[in-house]
Amino acid sequence: MRPLIAFMQKEILELYRTGKLLLMVILFVLFGMMNPVIAKLTPWLMEMASESLKESGMVIGSVKVDAMASWTQFYKNMPIVLIVFVILSSAVLTNEYQKGTLINMLTKGLKRWKVMAAKAVVLIVLWSICYWMHYGITYGYTAYFWDNTIASHLAMGAVCPYLFGIFLIVLIFLFSSFLNGNIGVLTGILAVVGASYLAGMIPKVGKYLPTRLLSSGELLTKAAEVSDYYGAALVTLGLCVVGMGLAVMVFNRKNI
C-alpha cells in the first residue's frame, strides 16, 4: 500500500510542479463564473445590438433571462470543459514513456497495476474536484441572480456529464496502454467519441451510448425523464470497468 500512496503523492506533486493543477483550477473556476455571467449580460448585449440593427430596419424585442439561461450556458460549455481537461491530462502516461521515468520504479519492484491505479485515482480525483467546483460555482451564482427551483432534476443533470468525464479518463489510460505518443491518444479518444456521436443518430442505439449523457440538460426543462438516461449511464459504467481492465492487462505486457 505504501508504494501506491507514494506514487500518488508523486503524481500530485508533478501536477503542481508543471502548473497543470493551478491551470485547471483557474479554468474551471472561470467557466463556472462565465455561465451565469453570460446569461446575466445577455439582455444588455441584445440591447446594445438592437441599437445598431435599428438602422437596418431590424427590431429586437426585450429579452428576459432566468436560471435556465445560465444552465443552458453550462451545458453549451461542457464540451469545451471536457476538451480542455482531456488535452491537459492525455499525456499522463505517454510523458513517462518518453522520459523513461517508469523504468527505475518498475525495476525496483513497483507493480505495473499500481502505476496505473495511482495515476487513475489522482486523475479521477482531480476531475471530481474541478468538475464539482465548476458546477458549484454555476449553481451558487445562478441561485444568487435567479431561482434554481425552476430547473428540474439538477442532480441527475449534473451527474451525467461527470460520468462522461470518467469515461474519457478511462479512454486516456486505455489508449496510453499501447500507444506511446500523446497525439495518438488524443486521436483515439476523438475517434471513439466521434463514432459514439454517429451511432447516436440511430434512436434505438443512441439512448445507450456514453455521448447521450452530454444531452442531460434536457432534464432541466423536462424534455426528458431521468429514466431516459439510465441505459446510457449503466453502459458507460460498464465500459469504464471493462476499459480500465483492458488498460491494465495491456500495460502489464507493454515493453517500456
Side-chain angles (χ1 to χ4, degrees), residues 27-28 31-32 34-35 38-39 68-90 92 120 123-124 127-128 130-132 134-135 138-139 151-179 182-247 250:
L27 287 175
F28 276 74
F31 274 111
M34 193 187 334
N35 300 321
I38 290 177
M68 293 306 303
S70 177
W71 288 113
T72 298
Q73 286 297 322
F74 176 84
Y75 288 98
K76 281 184 177 179
N77 290 332
M78 187 51 58
I80 302 174
V81 170
L82 289 166
I83 289 170
V84 169
F85 182 83
V86 168
I87 290 175
L88 291 176
S89 307
S90 59
V92 64
L123 211 53
I124 290 172
W127 164 245
S128 301
C130 289
Y131 176 83
W132 291 113
H134 170 225
Y135 176 82
T138 298
Y139 185 95
S152 303
H153 307 299
L154 274 173
M156 185 62 179
V159 169
C160 288
Y162 170 75
L163 182 56
F164 186 79
I166 301 294
F167 174 67
L168 293 180
I169 291 174
V170 172
L171 289 182
I172 289 175
F173 285 101
L174 179 59
F175 286 108
S176 296
S177 66
F178 62 88
L179 296 175
N182 188 36
I183 299 299
V185 173
L186 291 173
T187 302
I189 294 171
L190 179 62
V192 171
V193 174
S196 182
Y197 268 115
L198 290 175
M201 295 179 181
I202 306 172
K204 291 184 179 180
V205 176
K207 63 181 180 179
Y208 297 107
L209 297 176
T211 45
R212 168 67 171 160
L213 299 175
L214 294 179
S215 65
S216 61
E218 296 176 350
L219 291 170
L220 278 61
T221 60
K222 295 184 178 180
E225 297 295 330
V226 172
S227 58
D228 295 337
Y229 290 87
Y230 287 163
L234 289 174
V235 169
T236 302
L237 285 171
L239 289 174
C240 286
V241 173
V242 172
M244 204 64 204
L246 286 173
V250 175

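Quick note: residue numbers are just sequence positions, from 1.
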Non-hydrogen atoms of [X] and [Y] that approach each other most closely:
{"X": "Val193", "Y": "Phe164", "result": "CG2-CZ, 4.3 Å"}
{"X": "Val170", "Y": "Leu239", "result": "CG1-O, 4.4 Å"}
{"X": "Ile189", "Y": "Phe175", "result": "N-CE1, 3.8 Å"}
{"X": "Thr236", "Y": "Phe167", "result": "CG2-CB, 3.7 Å"}

Nearest 0.5 Å please: distance from the [atom1] atom of [X] over to the [atom2] atom of [Y].
{"X": "Leu190", "Y": "Ile83", "atom1": "CG", "atom2": "CD1", "value": "9.0 Å"}
{"X": "Ser90", "Y": "Leu123", "atom1": "OG", "atom2": "CG", "value": "10.0 Å"}
{"X": "Met244", "Y": "Ile124", "atom1": "CE", "atom2": "CD1", "value": "7.0 Å"}
{"X": "Met34", "Y": "Leu27", "atom1": "CE", "atom2": "CG", "value": "9.0 Å"}

Indicate yes or no for a side-chain donor-acceptor contact from [X] to the backbone of [Y] under 3.5 Å, with no hydrogens or angles considered.
{"X": "Trp71", "Y": "Thr138", "result": "no"}
{"X": "Tyr131", "Y": "Leu163", "result": "no"}
{"X": "Thr221", "Y": "Glu218", "result": "yes"}
{"X": "Tyr229", "Y": "Gly157", "result": "no"}

Are more than 12 heavy atoms from other residues, nucleotides or ligands located less than 6.0 Å from atom OH of Tyr139? no
For Tyr75, does the OH atom have more than 12 heavy-atom neighbours from other residues, nucleotides or ligands under 6.0 Å away?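 Above 12, so yes.
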Aromatic plane relationship, Trp127 with Tyr162 - under 30° parallel, 30 to 60° tilted, over 60° perpendicular: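 Parallel: the ring planes of Tyr162 and Trp127 meet at under 30°.
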